[in-house]
Each structure stands twice: as C-alpha cells, then as structure tokens.
Amino acid sequence: MTARKIIIDTDPGQDDAVALLLAMASPELDILGITVVAGNVPLALTEVNTRKVCELAGRSDIPVYAGCDAPLERPLVTAEHVHGKTGLDGADLPEPTMRLQDRHAVDFIIDTIRNSDPGQITLCPLGPLTNIAEALTRAPDITAKIAEIVLMGGGYFEQGNITPSAEFNIYVDPEAAKIVFGAGVKLTVIPLDCTHKALTNPARVKAFRVLGTPVGDAVAGLTDFFERFDKEKYGSVGAPLHDPCVIAYLLQPDLFQGRFINVEIETASQLTLGSTVADWWRVSGRKPNATFIRDIDDEGFFTLLTERLGRL
Ligand code: RIB
Ligand code: CA
C-alpha cells in the first residue's frame with residue numbers, strides 16, 4: 001500500500017501536537033513536510049513547538065518550515081488563555097536540536113505541489129489558513145494539483161469558541177479562509193460540531209499515561225493542561241481533541257459522518273466575523289463546496305489514537 005502524501009500546516013498548540021504525533025505514528029501517511037503558522041501562539045513559538053514534537057517522536061527527519069507570522073489583512077489573535085504562554089504548557093519538552101528549514105513554508109507548499117503529479121498531495125491545515133491561502137493566491141496553478149484539503153476549522157450547530165459565532169482557526173484569518181473555501185479544491189471540514197464530541201476524560205488520559213513512554217506521558221500532560229479551559233467554560237468532562245480528528249479522518253474516515261454542502265465564510269460583519277455559514281439543510285441554493293463533518297465515533301477515535309501513540 002502506498003503511503004498517502006501529506007503536508008501538515010500547524011500552530012502547536014497541545015491538540016496540534018497530538019495530531020502531529022498521531023500522523024508520525026501512522027505508516028499510512030508520508031509526511032512530506034510540516035509548515036508552521038502563527039495562531040495559538042506567535043510563529044516564533046509555534047515553529048519551536050513543532051520541532052520539539054518531531055524530536056519527541058524521533059522524527060527529526062521531517063522538514064519543518066516556518067510560514068506566515070500574521071494573518072493576510074488583520075493583526076494576529078493568539079490563544080495563550082487556552083494553550084498557555086509557550087503554547088505547549090503541560091509537557092516540559094527539551095529545546096529542539098533539529099534545524100528549521102531556510103525556505104519559507106509557502107514556497108515549500110508551492111514548489112512541492114508544483115513538482116508533484118496531480119492528485120498526489122493532501123494538505124492538512126490545523127491552524128489559521130494564512131499559509132494555504134498565500135500559496136493558492138501566489139500560485140493558482142497548484143489548485144488543480146491538490147488531491148484534497150482536510151482542515152480543522154469552523155462550526156455551525158456549535159457556533160464558535162473564540163467569539164459566540166466563530167471558531168478560532170477561521171476567526172484569526174477569515175480572509176484566508178474565504179480564499180481556501182472558494183478555491184474549488186476538494187475540501188473536507190472538521191468543525192467544532194465534530195471535535196466537541198471527541199472529548200478527553202480521566203480514563204482516556206489514563207490510557208495515554210499507562211503507555212509508560214515519553215510520548216504517552218507528554219500527551220497525558222498536554223491534555224491535562226489543555227482540558228482545564230474547556231472544562232471550566234463548557235462544564236465538560238474533558239477537552240476536545242480538535243486537530244487529531246483531521247489525521248484520524250485520513251486514517252479511518254468511517255469514524256466520521258458529514259454532508260457535502262455549501263460553506264461560506266463571513267468576512268464583513270464585525271459581529272459574526274469568521275463564522276462558517278454551513279448550509280446543512282441545503283436551503284441557500286449555493287453550490288456545495290465542502291464535506292462538512294458533524295459526527296464522530298469517539299470511542300473508535302480514542303482507540304485508534306491511543307494504539308498509534310503506543311507505537312512511538
Ligand atoms: O478552535 C480549535 C482550533 O484552534 C484548534 O486547531 C486549536 O489548535 C486552535 O488552533
Ligand atoms: Ca491548531
């Protein structure tokens with residue numbers, strides 16, 4: 001079986017870190033490179049965090065590229081209140097020794113897709129869509145060559161998490177999201193409607209810890225820290241593991257259910273900026289442009305995640 005070629009775009013963030021580990025533990029995926037964007041914390045931290053996680057997994061062979069340090073048209077909004085000052089609070093990972101690539105992340109995305117056969121590469125954005133939008137704008141020719149974009153972002157029934165109506169990744173750079181959602185690339189969206197059903201709980205965090213490995217301990221520590229915000233805000237039992245759902249979708253899509261519908265991004269209204277207007281009931285007459293995932297088999301998801309983390 002040929003491994004699926006992917007580029008992960010990320011803003012670690014505890015849940016990004018777990019997504020990266022899941023991907024690095026899965027031989028079905030060939031990670032051509034990891035591109036980093038500003039989001040949960042500034043770029044100077046998200047790029048270091050990415051390299052820390054690669055080294056934790058013993059995967060310093062994967063090239064890491066720093067990308068955009070701010071949204072296309074707006075000042076950066078970060079989420080230290082969720083992820084802590086470092087962006088990876090909860091696990092004390094050593095400073096990385098692997099080097100950061102010199103090339104800009106957007107150049108890596110453009111060159112890699114340009115030099116690939118059509119339909120070979122899947123983009124997996126886990127943060128604000130600035131790098132992806134920049135690549136599609138600078139090199140519209142690559143649009144036709146991208147196999148699929150599978151991203152974490154948005155929310156419809158769940159509405160928002162950074163504002164009442166917008167999810168963080170979309171809210172930080174709504175203009176970038178509008179470009180990506182309007183590019184005509186095969187698009188699968190993993191929104192809060194799905195990820196809010198992928199909640200940690202004490203038994204699931206214990207399953208990470210009993211792996212008895214540095215990866216298991218780190219993931220238990222990261223999720224312990226990450227969950228305090230959501231437990232307080234939503235009164236939930238644990239934290240939603242947003243970004244690992246993207247990787248799990250690549251590995252086991254039958255764990256997920258959704259609909260091919262029209263999804264548009266609000267970029268004009270101050271009140272609802274960054275909301276994903278998902279035409280779930282197909283009333284708008286607008287052309288469908290995304291598979292919008294609403295449900296997940298959370299037991300199956302955590303079984304997959306824990307088994308794979310145990311391989312590192
Ligand atoms: O809203 C959740 C998303 O925003 C996740 O990707 C999290 O890492 C943050 O980037
Ligand atoms: Ca993220």
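Whatever order the structure lists them in is the order used to number ligands and atoms, beginning at 1.
- To the nearest 0.5 angstrom, D11 atom CG is 6.0 Å from F168 atom CZ.
- The cationic group of R228 lies under 6.0 Å from the six-membered ring centre of F225 and within 45° of the ring axis, placing it in a cation-pi geometry.
- Checking N49 against T46 by side-chain atom types alone, no donor-acceptor pair falls below 3.5 Å.
- Between D30 and K5 there is a salt bridge, since a side-chain N of the basic residue sits under 4.0 Å from a carboxylate O of the acidic one.
- Using a cutoff of 4.0 Å between basic side-chain nitrogens and carboxylate oxygens, D297 and K197 are not scored as salt-bridged.
- Contact record, D295 with C194: O-SG, 4.4 Å, taken as the closest heavy-atom pair.
- Ring to ring, F229 and H83 are not that close: their centroids are 6.0 angstrom or more apart.
- Side-chain atoms of T97 and E55 include a donor-acceptor pair closer than 3.5 Å.
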For ligand 1, what N or O to protein N or O distances fall under 3.5 Å?
{"from": "ligand 1", "atom 1": "1 (O)", "to": "N161", "atom 2": "ND2", "distance (Å)": "2.8"}
{"from": "ligand 1", "atom 1": "1 (O)", "to": "E167", "atom 2": "OE2", "distance (Å)": "2.5"}
{"from": "ligand 1", "atom 1": "4 (O)", "to": "N169", "atom 2": "OD1", "distance (Å)": "3.1"}
{"from": "ligand 1", "atom 1": "6 (O)", "to": "L126", "atom 2": "O", "distance (Å)": "2.8"}
{"from": "ligand 1", "atom 1": "6 (O)", "to": "N169", "atom 2": "ND2", "distance (Å)": "3.0"}
{"from": "ligand 1", "atom 1": "6 (O)", "to": "D243", "atom 2": "OD1", "distance (Å)": "2.6"}
{"from": "ligand 1", "atom 1": "6 (O)", "to": "D243", "atom 2": "OD2", "distance (Å)": "3.0"}
{"from": "ligand 1", "atom 1": "8 (O)", "to": "D15", "atom 2": "OD1", "distance (Å)": "2.6"}
{"from": "ligand 1", "atom 1": "8 (O)", "to": "D15", "atom 2": "OD2", "distance (Å)": "3.1"}
{"from": "ligand 1", "atom 1": "8 (O)", "to": "D16", "atom 2": "OD1", "distance (Å)": "2.8"}
{"from": "ligand 1", "atom 1": "8 (O)", "to": "N40", "atom 2": "ND2", "distance (Å)": "3.1"}
{"from": "ligand 1", "atom 1": "8 (O)", "to": "D243", "atom 2": "OD2", "distance (Å)": "3.1"}
{"from": "ligand 1", "atom 1": "10 (O)", "to": "D11", "atom 2": "OD1", "distance (Å)": "3.3"}
{"from": "ligand 1", "atom 1": "10 (O)", "to": "D11", "atom 2": "OD2", "distance (Å)": "3.1"}
{"from": "ligand 1", "atom 1": "10 (O)", "to": "N40", "atom 2": "OD1", "distance (Å)": "3.2"}
{"from": "ligand 1", "atom 1": "10 (O)", "to": "N40", "atom 2": "ND2", "distance (Å)": "3.3"}
{"from": "ligand 1", "atom 1": "10 (O)", "to": "N169", "atom 2": "OD1", "distance (Å)": "2.8"}

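- Considering only heavy atoms from C-beta on, R51 comes within 4.5 Å of L100 through its side chain.
- Nearby protein atoms of type N, O or S around the Ca ion (ligand 2) amount to 5 (distance under 3.0 Å).
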